[in-house]
Amino acid sequence: MLPPIPIPSDYGISPDSGFLPSEAPLEHLPDPYYSKWEWIAGNIQPLLLSRRMRQAVDGMPMLSASYLHTEPEWRRAYSILGFILHSYVWGGPKPAERIPPQLTVPLLEVCEHLELPPVATYAGLVLWNFKPIFPDEPVDDLENLSCLNTMTGSLDEQWFYLVSIAIEARGGPAISLVLQAIAAARAGNSLVVMECLQALAEMLDAIGVLLERMYEHCDPYVFYHRIRPYLAGSKNMADAGLPDGLLYDDGHNPEHRQYGGGSNAQSSLIQFFDIALGIEHRPTGETQSKGATPEKEGIAAGPRHGFIQEMRSYMPGPHRRFLEHISAVANIREYVEARRSDKALCIAYDACLSMLRAMRDKHIQIVSRYIIIQSHNARGRAARSSSPRRPSATTLNLATARHGEKPDNKKLRGTGGTALIPFLKQARDETGEPAIDVWARRLLTTGPTETSFAPLSKVGEHPDGHLEVVGLSGTWAADDSEGGICHW
């Protein structure tokens, strides 16, 4: 007997807004008991500017999470404590390794309730950190969105989060479309499956357009040097000053822990698209096995890629379980493959793969501009500088850890703590592998697709797979840079 198709509301998921909360997140915790948390969260910028953030957190009273009653309150607490945590860790000349009990204890309580790790995740930075400017206007409209909290107070940081919020809102209705397609496939109704896939392809295209808007208000230099360091986690951060991660001191049993930082790989929506379309992601560097077949409906797919599977542990518990349920019932790829003679159905499915692959191409371009070029330029400036910077102006963080060193192809890490460009390129190419039509499969697995926005001076992918950029910073290979802005 086939397992039942999941009901989104059982997992706290809205048919309209998807993984975003159906109602706008709380702007403040209603109980004045938490006024000290709210005061610090509302004054992060002046506290960082005056280098008094750590002093303020060290002076916080020990507050309990027992006065949090509703889910929006728990989410608000998690979001602001995450912003306070990262500001505390990275808000000084060197990262703070020890997290004091007055921050550790309530943070761990909140994380246990929400089934999240004690770090600023995509949920706290994006899903639960926005408000519509005009409540009666759509949330997927970037001109109608504002962030509740940031660490730098910059328009660039707000915009970085807001683009993801708009993408989540625009993609929310895709959940109902996919569930409808799964039900139609069970019933053998190819017309409905095709119509759902056509609508999904249009939705994926619209999401790609939103992603391109990142350039409008988020400057690459500002992002790399001013925003990205605060998003870093504590995993693989030895060169940035945290060889053992963070010491979470609960007052009784202090424990070192390592977590990746905020990453768009923690977006349940993006993993949902892959699961729905039957896209398999393998460990980076592993090639496709001949004769590989998708999982049968009713059998949950096992973890194919360690990093992608790990990122699910950074998602809210209900969202994580929803993805597991979808994995057990996904049947669209299998259904279409069994009906190769239905050209309209196959074209609709291949169009979804094409739109998703194009989005991943755009993301690689963003990473190249916001991470790789900025890292290369910073190294160049450090090499040209004949005099050391004043000690008082030097801050050790993700952006500065290696600027004085000879570039190392395997060391530079990102906020999520993993190699980025090889992962992204492989994920993009894997997106086209399930294509049904032979011509479409060849098109979707050989080189990047065209993009509709102004490209880099020259971005070319060589036959051996490495990505090369010519211009702005000379000629360099993308493979020599790791880590990044976000991981799809």
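Everything quoted here is computed from the prediction, not taken from an experiment. The analysis underlying the following values was restricted to heavy atoms, covering all of them including side chains, and did not include hydrogens, waters or symmetry mates.
Side-chain contact between Ile80 and Asn129: absent, with no pair of heavy atoms (C-beta onward) separated by less than 4.5 Å. Using a 4.5 Å heavy-atom threshold, the side chains of Ile326 and Pro6 count as touching. Using a 4.5 Å cut-off on side-chain heavy atoms (C-beta onward), Ile366 and Leu211 make contact. In this structure, the side chains of Pro316 and Glu115 stay at 4.5 Å or more apart for every pair of heavy atoms. Lys131 is not listed as a side-chain neighbour of Pro25, based on a closest heavy-atom distance of 4.5 Å or more. Leu323 has its side chain within reach of Met315: a pair of non-hydrogen atoms, C-beta onward, lies under 4.5 Å apart. Side-chain atoms of Phe83 and Ile40, non-hydrogen and from C-beta on, never get closer than 4.5 Å to each other. Annotation: side chain of Ile332 is in contact with side chain of Leu197 (closest heavy-atom distance under 4.5 Å).
Side chain of Asn43 to backbone of Pro46: no donor-acceptor contact under 3.5 angstrom is found. Judged by distance alone, with hydrogens and angles left aside, the side-chain atoms of Asp140 form no donor-acceptor pair with the main-chain N or O of Ala169 at under 3.5 Å. Between the side chain of Arg360 and the backbone N or O of Arg428 there is no donor-acceptor pair closer than 3.5 Å. The backbone N or O of Trp128 sits nowhere less than 3.5 Å from a side-chain atom of Arg75 that would complete a donor-acceptor pair. A donor-acceptor contact shorter than 3.5 Å links the side chain of Ser79 to the backbone of Gly124. Between the side chain of Asp156 and the backbone N or O of Asp219 there is at least one donor-acceptor pair closer than 3.5 Å. Side chain of Tyr370 to backbone of Cys218: a donor-acceptor contact under 3.5 angstrom is found. Side chain of Gln180 to main chain of Cys196: no donor-acceptor pair is present (N/O by atom type, distance under 3.5 Å, no hydrogens or angles). Side-chain atoms of Gln426 come within 3.5 Å of backbone N or O of Pro283 as a donor-acceptor pair. For Tyr349 (side chain) and Leu277 (main-chain N/O), a donor-acceptor pair under 3.5 Å exists by modelled atom type.
Ring centroids of His86 and Tyr230 are separated by 6.0 Å or more, keeping the two rings apart.
Using a 3.5 Å distance cut-off with no hydrogens or angles, the side chains of Glu202 and Gln198 do not pair a donor with an acceptor. Glu168 and Tyr122 share a donor-acceptor pair across their side chains, judged by distance under 3.5 Å alone. Under 3.5 Å, the side chains of Tyr11 and His325 contain a donor-acceptor pair of N or O atoms. A side-chain donor from one of Ser164 and Asn264 sits under 3.5 Å from a side-chain acceptor of the other. Looking only at atom types and distance, the side chain of Glu157 has a donor-acceptor partner in the side chain of Thr152 under 3.5 Å away. Side chains of Asp274 and His281: a donor on one and an acceptor on the other come within 3.5 Å. There is no side-chain donor-acceptor pair under 3.5 Å between Thr150 and Tyr161. Side-chain atoms of Ser313 and Arg320 include no donor-acceptor pair closer than 3.5 Å. With hydrogens and angles left out, the side-chain atoms of Glu324 and His319 include no donor and acceptor closer than 3.5 Å. Between Gln271 and Arg312, the side chains place a donor N or O and an acceptor N or O closer than 3.5 Å (distance only, hydrogens not considered).
From Ile373, atom CD1 reaches atom OG of Ser368 across 7.0 Å, with rounding to the nearest 0.5 Å.
Counting heavy atoms of neighbouring residues, nucleotides and ligands inside a 6.0 Å radius, atom NZ of Lys36 exceeds 12 of them. The environment of Glu23 atom CD is sparse: at most 12 non-hydrogen atoms of other residues, nucleotides or ligands sit within 6.0 angstrom.
The pair Arg357-Asp361 meets the salt-bridge criterion, since a charged nitrogen lies less than 4.0 angstrom from a carboxylate oxygen. The existence of a salt bridge linking Lys425 and Glu430 is excluded, since no basic side-chain nitrogen approaches an acidic carboxylate oxygen closer than 4.0 Å.
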Cys111/Tyr78 under side-chain contact (heavy atoms from CB on, under 4.5 Å): CA gap, chis, key distance, verdict
CA-CA 7 Å; Cys111 289; Tyr78 176 78; 3.6 Å; yes
Worked check of salt bridge (charged side-chain N to carboxylate O under 4.0 Å, His left out) between Glu143 and Arg213:
CA-CA 12 Å; Glu143 281 69 36; Arg213 296 192 62 186; 2.5 Å; yes
Could you go step by step and tell me if Ser375 and Ile372 meet the side-chain contact (heavy atoms from CB on, under 4.5 Å) rule?
CA-CA 5 Å; Ser375 174; Ile372 301 173; 5.8 Å; no
Yes or no on side-chain hydrogen bond (donor to acceptor under 3.5 Å, both in side chains) for Tyr259 and Thr121, after CA distance, side-chain angles and deciding distance?
CA-CA 10 Å; Tyr259 297 102; Thr121 63; over 6 Å; no
Test Phe273 against Ile207 for side-chain contact (heavy atoms from CB on, under 4.5 Å), laying out the working first.
CA-CA 12 Å; Phe273 290 142; Ile207 288 173; 3.9 Å; yes
List the steps and the verdict of side-chain contact (heavy atoms from CB on, under 4.5 Å) for Leu145 and Ile133.
CA-CA 6 Å; Leu145 287 173; Ile133 300 172; 5.9 Å; no
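Among all heavy-atom pairs drawn from Gln258 and Ser234, the shortest one is CA-OG, 3.4 Å. Taking each heavy atom of Ser87 and Ile44 in turn, the nearest pair found is OG-CG2, 3.3 Å. The two residues Leu114 and Trp74 come nearest to each other via the heavy atoms CD1-O, 3.6 Å. Residue Lys235 comes nearest to Gly260 through the heavy atom pair CB-N, 3.9 Å, listed as atom of the first residue, atom of the second, then distance. Here the closest non-hydrogen pair linking His225 and Ala378 is CE1-CB, 3.9 Å. Nearest heavy atoms, Asn144 versus Pro138: ND2-O, 3.1 Å.
Checking Leu396, Asn397, Thr395 one by one against Pro229, the side-chain contact (heavy atoms from CB on, under 4.5 Å) holds for a single residue, Asn397.
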